[in-house]
Number of protein chains: 2
Amino acid sequence: MHEFTLHPQLAADTWHIASLPLCDVLLMNDANYPWLILVPRVADARELLDLDEDDRTRAWREIDLAAQALRDLFTPDKLNIATLGNMVSQLHVHVIARFKSDTAWPKPVWGARPPMPYADPVVTERIAGLRARLRSSAA
Amino acid sequence: MHEFTLHPQLAADTWHIASLPLCDVLLMNDANYPWLILVPRVADARELLDLDEDDRTRAWREIDLAAQALRDLFTPDKLNIATLGNMVSQLHVHVIARFKSDTAWPKPVWGARPPMPYADPVVTERIAGLRARLRSSAA
């Protein structure tokens with residue numbers, strides 16, 4: 001048994017927003033889209049099916065929370081929710097707010113455009129807004 | 001209130017495999033990957049968040065069933081699970097068996113390659129195999 005540690009690629013590409021009961025919630029450093037990544041803190045999990053049933057239920061609930069937070073904060077035209085993991089095998093779930101005006105619409109975001117790193121103070125405000133929203137809805 | 005009817009684009013691109021308690025399970029007509037699509041039979045739903053809590057629980061459970069069926073039948077290197085809906089707004093969830101040897105790996109499948117329609121008798125066998133597996137695991 002290993003202990004859980006966040007994959008270095010995910011750590012490099014994101015800010016930590018919150019730790020929910022099962023998942024760490026991360027903000028992708030790509031200002032093109034409000035883009036969260038949820039990572040269950042379960043060592044060696046690659047698929048949702050690798051989680052036991054209780055954890056799977058927790059994961060779904062936390063994905064819903066993240067989606068609701070993005071919806072409340074950004075009023076997107078569409079939410080995109082996906083677990084792919086073809087590149088980074090550690091189980092992680094994308095929850096992305098999409099807009100008809102965004103740079104990749106209507107394509108999926110992966111590989112569509114080079115990431116656009118956030119500038120300060122935008123990211124500081126965004127992180128604060130997401131933290132407040134997740135805290136209130138998780139309560 | 002409208003009645004649920006399957007979006008014509010989804011109907012045109014797929015075969016009907018099974019009707020689970022909430023979702024119709026469809027097989028995408030693309031022999032590049034074993035690719036299921038789950039469509040909750042709820043009129044006007046666009047997001048998982050549009051489902052009430054009971055239906056959302058049902059949807060996640062049926063996504064698990066579909067993923068498990070693909071894993072049992074095809075032993076993929078990775079499962080890809082996603083709800084995007086940027087093109088077809090009717091709520092639908094992709095569950096796709098991915099292989100390091102497949103034509104789009106490691107990219108996501110959407111838009112990566114032109115679909116490769118199934119030939120008979122491959123599709124007949126595939127449909128029968130999926131039906132049998134979903135029936136036994138849903139029981």
Side-chain angles (χ1 to χ4, degrees), chain A residues 9 33 38 45-72 75-112 137, chain B residues 9 33 38 45-72 75-112 137:
Chain A
Q9 185 71 54
Y33 335 87
L38 274 70
R46 296 179 64 241
E47 304 281 2
L48 286 166
L49 290 176
D50 294 338
L51 302 178
D52 67 32
E53 217 174 302
D54 284 353
D55 276 351
R56 227 179 302 155
T57 303
R58 272 183 208 104
W60 294 132
R61 196 171 299 142
E62 294 177 8
I63 292 164
D64 284 347
L65 268 183
Q68 188 67 56
L70 290 184
R71 195 188 233 186
D72 292 346
T75 323
D77 293 311
K78 193 68 192 68
L79 292 162
N80 288 179
I81 298 176
T83 171
L84 305 175
N86 307 338
M87 310 273 228
V88 170
S89 66
Q90 181 172 73
L91 177 59
H92 62 287
V93 181
H94 303 271
V95 184
I96 311 163
R98 300 298 309 274
F99 299 88
K100 290 178 184 170
S101 59
D102 75 37
T103 177
W105 185 269
K107 287 191 215 155
V109 301
W110 304 279
S137 49
Chain B
Q9 186 69 52
Y33 335 87
L38 275 70
R46 295 180 66 243
E47 305 281 2
L48 286 167
L49 290 175
D50 293 338
L51 302 178
D52 67 33
E53 217 174 303
D54 284 353
D55 276 351
R56 227 180 301 156
T57 302
R58 272 183 209 106
W60 292 130
R61 198 171 296 142
E62 294 178 9
I63 292 165
D64 282 348
L65 269 182
Q68 188 66 56
L70 290 184
R71 193 188 234 187
D72 293 347
T75 323
D77 294 310
K78 193 69 193 67
L79 291 162
N80 287 178
I81 298 174
T83 171
L84 306 174
N86 308 338
M87 310 271 228
V88 171
S89 67
Q90 182 173 70
L91 177 60
H92 62 287
V93 181
H94 304 271
V95 184
I96 311 164
R98 300 297 309 274
F99 299 88
K100 290 178 183 172
S101 58
D102 76 36
T103 178
W105 185 271
K107 286 190 216 159
V109 301
W110 304 278
S137 49

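Not measured: the values here are computed from a predicted model.
For B:Arg71, the part lying near chain A is the side chain, with the backbone staying farther off; criterion is any non-hydrogen pair under 4.5 Å. Interface remark: B:Trp60 contributes backbone and side-chain atoms alike to the contact with chain A (heavy atom separation under 4.5 Å). No part of A:Arg61 comes within reach of chain B, as not one of its non-hydrogen atoms sits under 4.5 angstrom from that chain.
You'll find the side chain of A:Leu49 reaches within 4.5 Å of the side chain of B:Asp64, heavy atoms only.
Summarising the geometry, atom NZ belonging to B:Lys78 is positioned 7.0 Å from atom CG belonging to A:Asn86; distances are rounded to the nearest 0.5 Å. To the nearest 0.5 Å, the span separating CD1 on B:Ile81 from CD1 on A:Ile81 amounts to 12.0 Å.
Under the 4.0 Å criterion applied to side-chain N and carboxylate O atoms, B:Arg46 and A:Asp77 are not assigned as salt-bridge partners.
For the set B:Arg98, B:Arg56, B:Lys107, the entry with the most heavy-atom pairs within less than 4.5 Å of chain A is B:Arg56. Most heavy-atom pairs under 4.5 Å with chain B, from the set A:Met87, A:Gln68, A:Lys100: that is A:Gln68. Options B:Leu48, B:Ile63, B:Leu84 differ in how many heavy-atom pairs under 4.5 Å they form with chain A, and the most are formed by B:Leu84.
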